[in-house]
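Encoded as structure tokens, the structure appears first; notes follow it.
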Amino acid sequence: MVVTRVAPSPTGDPHVGTAYQALFDYVWAKKNAGRFIVRIEDTDRARYNAESEARILAALRWLGISHDEGPDIGGPNAPYRQSERLSLYQKYAQELIEKGHAYRAFETPEELDAIRKELQQQGQRGGYDGRARSISKEESNHRAAQGEPHVVRLKAPRTGQTVLHDQLRGPIKFENSGIEDAVLLKSDGFPTYHLAVVVDDHEMGITDAVRGEEWIPSAPLHVLLYQAFGWPEPRWYHMPLLLNPDKSKLSKRKGNTSIEWYRDQGILPEALLNYLGMMGWSMPDGREVFGLQDMIENFSWERMSLGGSVFGWDKLKWLNGKYIREILSLDDLAERLKPFMEKAGYTWQNDTYLKQVAEAMRARFETLQEFVEKSGYFFTDNYPVQEKALAKIREGAAYLPEVRTLLAKLPSLEAEVAEPAFKSFIEQKGLKAGAVMQPLRAALTGVLETPGMFEVLHLLGRERVIARLDRAIQ
RNA sequence: GGCCCCAUCGACUAGCGGUCAGGUCACCGCCCUUUCAAGGCGGCGGCAGGGGUUCGAAUCCCCUUGGGGUCACCA
């Protein structure tokens with residue numbers, strides 16, 4: 001049995017890094033017919049954001065990553081919010097104190113600052129020297145009983161080494177002398193990540209701890225905790241990081257990290273998921289377009305590459321376009337377009353029309369939002385006319401009245417009718433097609449890039465075509 | 001700075017001792033063409049450097065360099 005978890009911290013926008021993590025946790029669990037858990041790491045009162053949890057869960061749902069247990073659906077290991085498990089951590093912290101693996105420390109934040117400075121001046125590493133270790137058990141108990149504020153710190157060994165057995169990189173050795181007496185329980189009674197993650201992973205039966213590489217430096221602390229408790233360690237997998245274009249860890253300041261931002265741009269969830277799947281991982285046959293199920297069927301850690309991956313926009317957009325033009329059905333595409341159209345204030349006479357426009361535009365937009373931006377003239381007469389289009393209209397002013405006459409008297413604007421009529425008109429005049437087509441295009445759409453002219457004529461219909469021509473001629 | 005991780009085209013990657021180092025995005029050119037796309041074809045472009053090991057290294061080892069992560073009562 002494999003049980004994995006993703007443990008987001010509800011401090012803000014749903015982060016693509018969380019989705020990345022969740023994706024691999026999910027795939028690995030499902031590959032092994034196991035369970036995938038979502039746990040909320042809300043032990044930081046200062047950064048807690050009340051809406052964040054729901055948005056993170058919604059984002060995962062949107063992506064199609066479904067969890068087997070979590071705060072919204074419950075499960076055998078409930079509760080799934082660390083803020084609701086406080087007594088657990090306190091109990092285990094107490095246990096460590098009694099076993100001699102942890103101790104209370106009573107320094108105030110100001111005192112800690114002073115200690116840190118002092119240590120730095122001496123050229124020593126670390127932020128705490130472990131001085132509270134020397135407080136006697138009696139005194140410690142007494143001061144705690146008096147209600148004196150304190151934290152609980154790990155009594156890290158000062159000699160020897162601790163080895164992290166990372167499944168992706170092999171053993172990583174750390175000198176214990178470099179491991180600090182980290183705070184396990186804060187003075188507000190909340191645990192730090194270090195205590196919480198170990199206690200919860202153990203209590204929830206997590207067998208495989210998959211998380212970002214940024215955790216490697218504190219991993220020995222976690223190993224030490226497992227040893228102190230006498231619990232078996234999970235298998236550790238430290239994933240490569242998602243990067244900004246400048247190769248630093250993906251961050252809000254240097255890129256778009258919110259899943260909601262991509263959603264609002266009209267990136268499809270399957271495209272985003274697919275793209276995340278190709279960050280550090282590849283299909284055995286080299287396919288670049290693949291879904292969750294493909295990933296589950298073909299997943300193995302051997303195919304993971306360890307260098308971080310730049311999370312870039314260009315290829316994501318290309319992939320999204322690929323889904324739009326080759327993977328989605330026309331019906332599906334139209335349905336997904338609707339909310340974007342509505343948001344932009346566009347209306348359409350019926351779904352058939354929307355679908356026809358979508359079909360005509362299909363190869364010409366790569367995000368749903370792009371469709372809205374490029375297709376306005378199909379949905380309103382109030383579309384802007386670009387400078388270049390205006391120039392084209394003037395250029396072709398001589399022909400437009402004749403084109404109007406021609407189109408007005410045609411029995412229909414279907415391509416089968418309009419195209420031959422148009423061709424012979426052009427031939428008669430001894431013109432090049434573009435000389436007439438481009439001004440006409442500009443007159444009917446206000447832009448110079450549109451679907452084929454005859455598609456446009458047919459979609460707009462005679463009434464709108466004539467009206468727009470009249471307007472342009474004036 | 002200490003500790004730790006990583007290292008193939010600009011980007012995403014294939015490669016796991018013997019390959020003309022392959023594919024994709026982006027970029028450039030050509031074709032198609034009523035425009036713009038899409039699509040097809042082609043091009044540009046890479047094993048960071050130096051030592052080893054080996055008959056033979058992108059592949060294994062070491063050093064250097066470079067990049068990154070982390071050093072909180074945040075996760």
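Order of the sequence lines sets the chain letters (A, B, ...), proteins ahead of strands, with each chain counted from 1.
Between A:T11 and the phosphate of B:C74, there is no side-chain N or O to OP1/OP2 separation shorter than 4.0 Å.
A donor-acceptor contact under 3.5 Å is formed by the side chain of A:R364 with the base of B:C36. Looking at A:T192, its side chain has no donor and acceptor atom pair within 3.5 Å of the base of B:C73.
Within the 4.0 angstrom heavy-atom criterion, only backbone atoms of the sugar-phosphate kind lie near A:M279; the bases stay farther away. Here A:P109 lies in heavy-atom contact (under 4.0 Å) with a base. Contact annotation for A:P451: base contact, defined as any heavy-atom pair under 4.0 Å involving a base atom.
In this structure, the ring of A:Y275 has its center less than 6.0 angstrom from the ring center of A:F311. The ring of A:F299 has its center closer than 6.0 angstrom to the ring center of A:W301.
Side-chain N/O atoms of A:T162 and A:N176 include a donor and acceptor closer than 3.5 Å.
When rounded to the nearest whole Å, the span between CG of A:L306 and P of B:U13 equals 11 Å. One interatomic measurement links the two molecules: CG of A:L164 to P of B:C5, which rounds to 9 Å at whole-angstrom precision.
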Set out, line by line, the N/O atom pairs under 3.5 Å between protein and nucleotides 61-69 of chain B.
unit_1, atom_1, unit_2, atom_2, d
B:G69, OP1, A:K249, N, 3.0

Between the protein and nucleotides 42-48 of chain B, which nitrogen or oxygen pairs are less than 3.5 angstrom apart?
none

Check the interface with nucleotides 29-33 of chain B: list each N/O to N/O pair with the protein under 3.5 Å, or write none.
none

Dump every N/O contact between nucleotides 24-27 of chain B and the protein below 3.5 Å, one line per pair.
unit_1, atom_1, unit_2, atom_2, d
B:U24, O4', A:E288, OE1, 3.1
B:U24, O2', A:E288, OE1, 2.5
B:U24, O2, A:K315, NZ, 2.7

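A heavy atom closer than 4.0 Å to some atom of RNA chain B occurs in no member of residues 194-203 of chain A. Annotation: proximity of residues 434-450 of chain A to RNA chain B (heavy atom, distance under 4.0 Å) is found for A:M437, A:Q438, A:R441, A:L448, A:E449, A:T450, numbered in ascending order.
Using a 4.5 Å cut-off on side-chain heavy atoms (C-beta onward), A:L168 and A:H238 make no contact. Counting only heavy atoms from C-beta outward, the side chains of A:K186 and A:T192 approach each other to under 4.5 Å.
Taking the side chain of A:R169 as heavy atoms from C-beta on, and the options B:U34, B:C6, B:A38, the nearest nucleotide is B:C6. With distances taken from any side-chain atom of A:L112 to the nucleotides B:A38, B:U13, B:C73, the minimum falls on B:C73.
Taking the six-membered ring where tryptophan is involved, the planes of A:Y193 and A:W215 are essentially parallel, since the angle between them stays under 30° and well short of 60°. By the 30° and 60° cut-offs, the orientation of the rings of A:H222 relative to A:H194 is tilted.
Across all strands shown, B:C55 is found opposite B:G18 as a Watson-Crick or G-U wobble partner, with both distances under 3.5 Å.
Salt-bridge check for A:E270 with A:R336: passed, with a basic side-chain N closer than 4.0 Å to an acidic carboxylate O.
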> Could you walk me through whether A:Y89 and A:F190 pass the ring-ring contact (aromatic ring centres under 6.0 Å, His included) check?
Replying inline: CA-CA 8 Å; A:Y89 312 118; A:F190 279 63; 8.9 Å; no

>> Between A:F454 and A:F422, is the ring-ring contact (aromatic ring centres under 6.0 Å, His included) condition met? List the steps.
In response: CA-CA 10 Å; A:F454 300 106; A:F422 222 85; 5.8 Å; yes

